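Atoms within a ligand are numbered from 1 in the order they appear, just like the ligands themselves. If you're wondering where the values come from, they're calculated on a predicted model, not measured in any experiment. Atoms considered below: every heavy atom in the structure, side chains included; atoms not considered: hydrogens, waters and symmetry mates.
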Amino acid sequence: MKEIAKKDPESLIGRAFHFAEKVHRNQKRKTGEPYFNHPLQTAETLNEWRLDEATVAAGLLHDSVEDTGTTVEDIEKNFGKEIGFLVDGVTKLGRIKYRGVGSRLENMRKMILALSHDLRVVFIKLADRLHNMRTLSALPPMKQKRIAMETDEIYAPLAYRLGMQHLSGELKDLAFPYLFPKENQWLKETVPARYEERLEYLKKIKPQVEKALSEHHIKPLVIDFRAKRYSSLYRKLLLHDMDTEKIYDLVAIRLVVGTVSECYAALGIIHEKWPPLPGRIKDYIAMPKPNSYRSIHTTVIGPNEKIIELQIRTMEMHEEN
Ligand code: MN
């Protein structure tokens, strides 16, 4: 963002950058940092999500009406009707304060209303919320709890419904310590040792996977280890009498290969090496999820009788997912 603003100050992003920097100049966040950091981070996130220029610019400007003397008319005059509309939409969403279950439906309704006008307003709000959650520790406890609850009950499910599972999970993880401080403490004390152990184990089997695949002339593009999120881990543990042994996907492997036929070939090679658990093979390539998610999932019994969860997909699927 900074680079664009420097290189091309007359571009849309450049002008929004300098405008926002100016109107927030004398403000500070509760964390003590300059306020402008917040719209800047929000815009960076929107840019990472590969949203259009107007949305990124509106991300830079999203708090300028709420927190400074600027009006929507000022924004429109400087940046046009489209960006004025986006900033106005985010400002209005921000005025809806979550007050527990009673106002929840009302909240959802307004969100969905905003959604139906222009989805981009909701994306800006989600990017805004992500940064606010990342800096939540600076706020007083009462506010922390309200914002965490609102995030957990409204924004994370909303992100999920928009197909943004990763964001949804991150928002839930960020909210978790504020909503369940004791449980969070317990997890922090209990899980890491097991987690380290499993990570070590996965590091050992990675070359074994590579070798088996290369014997069939398949070169994996990516082999990742995936760690289970604390918030979802806790929900899973509740279902399994808090027995960490029973959680299959505490850590898992994600395998990205070149083509669809290599996905199936890789599945066969893995199953030949390590037996699959019955009922855990899911072919979301032949039958994508309703949100178009595609991948093959399987769970196998690896060396030392340990359970490994695998996801197999192509790069195209990986990016789309
Ligand atoms: Mn904001």
For the Mn ion (ligand 1), what is the closest N, O or S atom on D63? OD2

Taking the Mn ion (ligand 1) as the reference point, name the nearest N/O/S atom of D128. OD1

Trace of the ring-ring contact (aromatic ring centres under 6.0 Å, His included) decision for H24 with Y35: CA-CA 6 Å; H24 291 299; Y35 194 94; 4.8 Å; yes

Is there a path of hydrophobic side-chain contacts, each under 4.5 Å between heavy atoms of I, L, V, M, F, W or Y residues, that connects V222 with I312? no

Rounding to 0.5 Å, atoms CD1 (I205) and NZ (K273) come to a distance of 9.0 Å

Please determine whether a side-chain nitrogen of the Lys or Arg among K219 and E210 lies less than 4.0 Å from a carboxylate oxygen of the Asp or Glu. no

When you measure from the Mn ion (ligand 1) to the N, O or S atoms of H131, does any of those distances fall below 2.8 Å? no

In this structure, the Mn ion (ligand 1) sits at the vertex of an angle between NE2 of H62 and NE2 of H38 that rounds to 10° as 90°

